[in-house]
Amino acid sequence: MSIRSILQDMKFSRSQRVVQDSAGSAESVGESLKQSCWAQMPQELLREVLVRIEASEAAWPPRKSVVACAGVCRSWRHLTKEIVKAPELTGKLTFPISVKQPGPRDDLLQCFIKRNRSSQTYYLFLGLTHALTDEGKFLLAARKYKRATCTDYIVSLHADDMSKGSSNYIGKLRSNFLGTKFTIFDGQPTHAGAKITKSRSTRPVNLKQVSPRVPAGNYPVAHIQYELNMLGSRVCTSRGPRRMQCTMDAIPATSVEPGGVAPTQADFSYGNAEFLPSLPFFRSKSNHVERISGPLASQKSGVLVLRNKSPRWHEQLQCWCLNFHGRVTVASVKNFQLVASPENGPAGPEHEKIILQFGKVGKDLFTMDYRYPISAFQAFSICLSSFDTKIACE
């Protein structure tokens, strides 16, 4: 049987279960799953099938077949998650948890951001081709909420669900009143020693009640600070792009060195099954913090600090320029490239490698490319800080 025929048969089997679910009880559906030929497939054969599917469906949208395999049953889910490697090794984003895991080590992962000015919403997409005009694979969405003393950007896995009480909630970006200092909060702990920060406002976002049974918290993972000019606004003059510093509290400085390791979140953790997404591979029996590999950022080596890559003066254009290798086409003070800062010692080759770059290519279209050791969520949040223009000059 070919891989294509297996996938078609799987889709038919899953559609039958959906019909059973709407017509019968949960017990009858569970019994049908136990008797399913897919659930009873020998482990050796199942592994070979899943390995072939994972290898053949390497890019989106065909890669949705790999996600479908994880939704067949529990045994399929566990084996699929074992076969699919983390983005740092493959450069592929497969499951939703991938947006919380560090990017690839070797190359920049190319993404882009679309801005909706009317709704103050931002959408992150994975680039499917090297062109700047492809449809992209949706990854994350964020919406801006202005408050009396700060501004919040709520980040979600769903484009239309921005409630902090939802299982789609990932985290948030919060600015100070001046829009010069930002804090990135993760909705769940990034490591076992993470400490939750009490929010000054417990009001539900988007008029939806925040349930106490959903363990979404405020775990600070990074701090962003823009350099001020004499007038108190963020520096954005002809001398170059805005100067910023990102302190990644959850990532050790040694992660950018050869053999360095950053904490990697293995799965989402949820406290109550009724708030879980519909896809089975999201679910977890555990109510505690899920597996997280890698060292903590509290090591003596210190935490990772990102700074702007210094621009170079272009004699013909008579301006400061950065080489985005064709990924940025419109000049803007929002454009930036971030590299690791050598806080304690001389700079090495690892401090010249671009970890995150962001730039404008259209009126409401921007590219975002990132790599190890930061995740798509962290990169997206840093880029959102560049959009905040309460006091910044354009």
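Because the structure is predicted, anything quoted here is derived from the model rather than measured. Side chains are part of it too, since the values below use all heavy atoms of this structure and drop only hydrogens, waters and symmetry mates.
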So does K114 have more than 12 non-hydrogen atoms from other groups sitting under 6.0 Å from NZ? yes

R174-T183 side chain donor-acceptor pair, cut-off 3.5 Å: no

Taking salt bridge (charged side-chain N to carboxylate O under 4.0 Å, His left out) as the definition, give me every residue that meets it alongside E352, ordered by chain and number, with sequence neighbours left out. K309

Indicate whether the side chain of D249 and that of T247 have a donor and an acceptor atom separated by less than 3.5 Å. no

Among all residues two or more places apart in sequence or in another chain, which pass the side chain to side chain contact (heavy atoms under 4.5 Å, CB included) test with S310? none

How are the rings of F358 and F366 set relative to one another: parallel (under 30°), tilted (30 to 60°) or perpendicular (over 60°)? parallel

Residues two or more places apart in sequence or in another chain: which of them pass side chain to side chain contact (heavy atoms under 4.5 Å, CB included) with P373? I251, S255, V256, A262, L304, I355

Between D161 and S166, is any side-chain donor less than 3.5 angstrom from a side-chain acceptor? yes

Kindly write out the residues that satisfy salt bridge (charged side-chain N to carboxylate O under 4.0 Å, His left out) with K100, not counting sequence neighbours, or none if the list is empty. D186

Quick one: does M248's side chain get under 4.5 Å of L306's, heavy atoms only? yes

Sequence-distant partners of S375, side chain to side chain contact (heavy atoms under 4.5 Å, CB included), two or more places apart: F377, Q378

Could you list the residues that satisfy salt bridge (charged side-chain N to carboxylate O under 4.0 Å, His left out) with D364, not counting sequence neighbours? R115, R117

